[in-house]
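We're numbering straight along the sequence, starting at 1.
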Amino acid sequence: MSKQLQARRLEGIDHNPWVEFTRLSKEYDVVNLGQGFPDFSPPDFAVQAFQQATTGNFMLNQYTSAFGSSV
């Protein structure tokens with residue numbers, strides 16, 4: 001098996017943001033939703049907020065146009 005080489009455009013980049021997110025989530029004792037899944041059910045307030053956000057005005061959950069919004 002041959003050794004995999006990193007693309008030249010990545011040379012000099014030694015920072016891995018996912019490692020940093022994991023370290024910070026442990027340091028501040030927070031749930032890291034960027035990777036994996038929590039091993040517990042979400043609290044009721046989070047479920048209610050999600051339900052409200054997804055059943056309310058659907059236009060509030062849309063990306064803006066590529067060059068911004070003129071409204």
| field | Atom pair CG (Asp44) and CD (Gln51), whose distance is rounded to the nearest 0.5 Å | value | 9.5 Å
| note | The side-chain contact (heavy atoms from CB on, under 4.5 Å) partners of Phe45 (sequence neighbours excluded) come to Pro43
| query | Does Leu24 share a hydrophobic cluster with Val30, counting links as ILVMFWY side-chain heavy atoms below 4.5 Å and allowing steps through other members? | reply | yes
| field | side chain to side chain donor-acceptor pair (under 3.5 Å) partners for Glu20, two or more places apart | value | Arg23
